[in-house]
Amino acid sequence: MIKKVLLAIALICPMLLSAQTLKIGLVDFDAILQAMPETTAAQNQVKEVSDKYEAEYKKLGEEMNRLVTEYQNMSEDELPAIKERKTRELSDYQQKIQQFEQNAMNDINKMQSDLMGPIQQKIIQAVESVGREGNFSLIQMYAPQLTLYHAAPVEDITAAVKAKLGVK
């Protein structure tokens, strides 16, 4: 009987000694991103380019309106070849506007990705560093709108990550 008790203790002790508590961290990635000065600079660059595209798009729209008005003012007895040419011109111009719009959106999205990517990577590196220093088992993004409940041992590490990055 004593052998069985000693065997049970011998088996349970290592498990109890090796058991670790999980340390879970939450980080408000968006709050950190918005607090970084690089984000504001990147957003300003994207807005500047976006405004230029918008101004050009407005010019294209004005030209399209001119063409539509010109077409609508054609007399009913206009030659079929002229009407066909004007119709084709309208169609081609509409396609030109759509292509411009698509290219502008692609350029803006690429620019935003190129500018924000390094900033996001910098935040990720800071989160990893705080995680290693704090011996966290898991760190996940904190999304207040998606989080129903959290309590200890969950820890909000947003302030620590901001401090690591030198932002307030």
Side-chain angles (χ1 to χ4, degrees), residues 1-64 93-168:
M1 175 78 174
I2 292 181
K3 285 184 180 180
K4 288 182 181 179
V5 171
L6 289 175
L7 180 62
I9 291 173
L11 291 174
I12 292 174
C13 280
M15 285 189 268
L16 293 175
L17 294 175
S18 68
Q20 295 178 351
T21 59
L22 289 178
K23 191 170 179 185
I24 301 170
L26 294 177
V27 63
D28 191 344
F29 196 89
D30 291 335
I32 296 168
L33 188 65
Q34 292 306 312
M36 294 187 67
E38 297 100 316
T39 300
T40 304
Q43 288 171 336
N44 288 341
Q45 286 181 3
V46 170
K47 177 151 179 33
E48 185 179 307
V49 169
S50 180
D51 289 346
K52 287 180 182 179
Y53 275 124
E54 215 171 290
E56 185 63 26
Y57 186 76
K58 185 178 178 184
K59 288 178 189 176
L60 291 172
E62 290 169 357
E63 179 63 17
M64 182 68 173
Y93 205 79
Q94 187 175 20
Q95 287 177 353
K96 179 180 176 180
I97 290 173
Q98 289 173 346
Q99 186 64 44
F100 174 80
E101 186 177 23
Q102 183 67 41
N103 289 343
M105 289 301 294
N106 289 342
D107 288 350
I108 290 170
N109 288 339
K110 183 180 181 325
M111 180 183 194
Q112 191 166 19
S113 176
D114 290 348
L115 291 172
M116 296 304 287
I119 299 168
Q120 292 169 339
Q121 191 59 40
K122 187 175 178 181
I123 295 170
I124 290 169
Q125 289 171 346
V127 168
E128 290 172 353
S129 177
V130 168
R132 279 190 300 279
E133 291 168 6
N135 293 318
F136 284 90
S137 304
L138 171 72
I139 296 175
Q140 69 182 56
M141 284 194 213
Y142 175 61
Q145 66 278 13
L146 299 176
T147 303
L148 299 175
Y149 174 78
H150 75 274
V154 177
E155 185 179 329
D156 186 350
I157 64 162
T158 304
V161 174
K162 282 183 175 181
K164 175 78 68 187
L165 292 167
V167 294
K168 293 183 178 189

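What's counted below: heavy atoms across the whole structure, side chains too, no hydrogens, waters or symmetry copies.
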Test item: side-chain donor near acceptor, D107 and Y53, under 3.5 Å
yes

Under 3.5 Å, is there a donor-acceptor pair linking the side chains of E48 and N44?
no

Determine the minimum heavy-atom distance between [X] and [Y], stating which atoms define it.
{"X": "I32", "Y": "V27", "value": "CD1-CG2, 3.4 Å"}
{"X": "V167", "Y": "P37", "value": "CG1-CD, 3.9 Å"}
{"X": "K162", "Y": "A35", "value": "CE-CB, 4.2 Å"}

Roughly how far apart are [X] [atom1] and [Y] [atom2], rounded to 0.5 Å?
{"X": "K23", "Y": "L138", "atom1": "NZ", "atom2": "CG", "value": "13.0 Å"}
{"X": "E101", "Y": "E54", "atom1": "CD", "atom2": "CD", "value": "11.0 Å"}
{"X": "M36", "Y": "L165", "atom1": "CE", "atom2": "CG", "value": "5.0 Å"}
{"X": "Q98", "Y": "Y93", "atom1": "CD", "atom2": "OH", "value": "13.0 Å"}
{"X": "Q140", "Y": "I157", "atom1": "CD", "atom2": "CD1", "value": "10.5 Å"}
{"X": "Q45", "Y": "M111", "atom1": "CD", "atom2": "CE", "value": "5.0 Å"}

A quick test of your reading: do over 12 heavy atoms of other residues, nucleotides or ligands sit less than 6.0 Å from OH of Y57?
no

Indicate every side-chain donor-acceptor pair of residues 112-124 with a distance under 3.5 Å to a residue at least two apart or in another chain.
from, atom 1, to, atom 2, distance (Å)
D114, OD2, K110, NZ, 2.7
K122, NZ, E38, OE2, 2.7

Let me have the donor-acceptor pairs involving side chains of residues 129-136, under 3.5 Å, with sequence neighbours excluded, atom names and distances please.
from, atom 1, to, atom 2, distance (Å)
S129, OG, E133, OE2, 3.2
S129, OG, K164, NZ, 3.3
E133, OE1, K164, NZ, 3.2
E133, OE2, K164, NZ, 2.6

Note, Q43 side chain near K47 side chain (heavy atom, < 4.5 Å)
no

